[in-house]
Amino acid sequence: MTQVTEITKSSLADNPVLSQMSIYDHEQIIFCNDNKTGLKAIIAIHNTALGPALGGTRMWNYKNEMEALNDVLRLSRGMSYKASISGLNLGGGKAVIMGDSKTQKNEALMRKFGQFVNSLGGKYITAEDVGIGTKDMEYVKMETNHVTGIPESMGGSGDPSPVTAFGVYMGMKASALEVWGSDSLSGKKVLVQGVGHVGEHLVRHLAKENANITITDINEERLMQIANETGAKVMLGDGIYDLDIDIYAPCALGATLNNNTLNRLKCSIISGAANNQLEDENVHGKMAMDKGMLYAPDFLINAGGLINVYSELKGYNREQALAKAEKIYDLTLDIFKQAKKQNITTAAAAKAIAEKRIGDKVIM
Ligand code: NAD
């Protein structure tokens with residue numbers, strides 16, 4: 001993939017779409033509008049060298065179109081890397097629907113979105129993401145076959161989050177082995193930020209291992225429910241970044257590793273499910289490294305969900321999907337080894353391996 005770096009901020013302001021696409025070498029963007037349902041969506045296809053672009057659909061109340069475009073471009077590139085590093089024959093894509101998933105989502109909107117996905121003839125395959133559940137995928141499925149993560153009752157693989165959480169747990173244990181010489185998380189102080197679909201399952205794995213867990217979420221009702229069920233401690237507000245912890249597990253939204261938080265965090269390991277955790281991958285990966293924090297690259301350790309939906313395309317087998325997600329443990333250790341050997345950040349090491357496979361167009 002050729003990376004165009006000479007684009008200046010001013011040229012981006014004048015040419016916000018095609019110039020943005022060339023920064024990370026995106027293949028195609030589809031803007032979807034439907035006045036009847038109120039659908040406003042963007043589908044970004046980053047790269048299809050290894051296979052069709054697969055990536056979930058996120059519904060979010062974006063401040064404006066540029067924020068939505070930026071999000072979908074970053075997320076779709078992450079999907080290319082995720083598929084590549086996991087050895088899947090998939091490209092990277094993602095979709096965002098602008099709006100409030102609690103009040104603006106309905107059958108008509110999701111079916112219209114499904115029609116747009118269908119119009120791409122399989123070049124893009126969709127699935128769930130933040131704000132979108134298996135029920136929504138049922139509606140999308142009414143309009144297109146290019147969808148995964150549909151309910152088990154319809155022959156699909158259902159919610160991918162448990163497999164994602166298992167993969168994150170594997171990545172976290174591999175990180176523990178790297179830092180402490182043992183992969184046991186017993187007694188380790190872990191902060192899980194976001195106890196949604198993935199965070200909840202991660203907390204359950206950690207609780208089984210007797211980790212010392214603190215959880216935080218903006219949804220206080222859910223936070224209290226998970227705390228009651230798992231015995232985790234609860235913390236609210238921005239003060240979480242000043243806690244005395246061993247492991248920070250971001251499982252909400254991206255960009256929580258930035259100048260502000262990295263100057264406050266005192267953990268040894270950063271290992272969570274959220275996509276695009278580094279606000280600026282060139283700056284903040286290095287900053288974490290310089291501060292002695294081991295960062296487990298997000299697109300590597302959160303690939304369990306993608307592995308799960310990929311398995312659905314091949315005829316779903318839960319055990320096989322979990323066995324493949326377990327390999328995240330060894331892959332993570334390998335990335336740490338590569339990063340050390342080359343004296344680069346773990347994010348850079350993971351990216352280089354993912355880009356190489358895409359560049360080579362290896363069929364595995
Ligand atoms: P989710 O929407 O079910 O859960 C996210 C949780 O984070 C919610 O409970 C929400 O209230 C909370 N949250 C949002 N903003 C917060 C904040 N500022 N502080 C604290 N909590 C906050 O989403 P999910 O499916 O659990 O995914 C979580 C993250 O993992 C996302 O970044 C997603 O892209 C990523 N991811 C998910 C999967 C998957 O299989 N679901 C796969 C790969 C990556």
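All of these numbers come straight from a predicted model, not from anything done at the bench. One-based numbering, in listed order, for ligands and for the atoms of each. Heavy-atom basis, side chains included; hydrogens, waters and symmetry copies ignored.
When hydrogens are left out, the protein atom nearest atom 4 (O) of ligand 1 is G196 CA, 3.2 Å; that is the closest non-hydrogen contact. Looking only at heavy atoms of the protein, atom 35 (C) of ligand 1 is closest to A273 O, 3.4 Å.
For the residue pair E229/Q225, the side-chain donor-acceptor check at 3.5 Å is satisfied. Judged by distance alone, the side chains of Q28 and K123 do bring a donor and an acceptor atom under 3.5 Å apart.
Annotation: N275 places an N or O atom under 3.5 Å from an N or O atom of ligand 1; distance criterion only. At least one N or O atom of T164 sits closer than 3.5 Å to an N or O atom of ligand 1. Between V130 and ligand 1, no pair of N/O atoms sits closer than 3.5 Å.
In this structure, of G55, A165, G131, A252, the residue bringing a heavy atom nearest to atom 22 (C) of ligand 1 is A252. The nearest non-hydrogen atom to atom 3 (O) of ligand 1, considering only Q277, H197, H201, Q193, comes from H197. For atom 10 (C) of ligand 1, the choice among L306, N219, D217, V198 with the nearest heavy atom turns out to be D217. Comparing T216, D159, I218, N302 against atom 15 (N) of ligand 1, the shortest heavy-atom distance belongs to I218.
Both cation-pi conditions hold for R77 and Y24: the charged atom is under 6.0 angstrom from the six-membered ring centre and inside a 45 degree cone around its axis.
No heavy atom of E200 sits closer than 4.0 Å to any atom of ligand 1. Ligand 1 is approached by K82 to a heavy-atom distance shorter than 4.0 Å.
Proximity of C251 to ligand 1, defined as any heavy-atom pair under 4.0 Å, is confined to the backbone N, CA, C and O atoms. Residue E221 does not touch ligand 1, judged by heavy-atom distances below 4.0 Å. The proximity of E128 to ligand 1, defined as any non-hydrogen pair under 4.0 Å, does not occur for either the backbone or the side chain.
The side chain to side chain contact (heavy atoms under 4.5 Å, CB included) check on E200 picks up R204, R222, I226, with sequence neighbours excluded. Partners of A325 under the side chain to side chain contact (heavy atoms under 4.5 Å, CB included) rule, at least two apart in sequence or in another chain, are V163, F166.
Remark: of the listed residues N210, I269, D246, D246 is the sole one forming a side chain to side chain contact (heavy atoms under 4.5 Å, CB included) with K188. Partner of L257 under the side chain to side chain contact (heavy atoms under 4.5 Å, CB included) criterion, chosen from D280, L262, D298: L262.
Residues W60 and L69 fall within the same hydrophobic cluster, defined by Ile, Leu, Val, Met, Phe, Trp and Tyr side chains chained together at heavy-atom separations under 4.5 Å.
Aromatic ring orientation, Y81 versus F299: tilted (interplanar angle from 30° to 60°).
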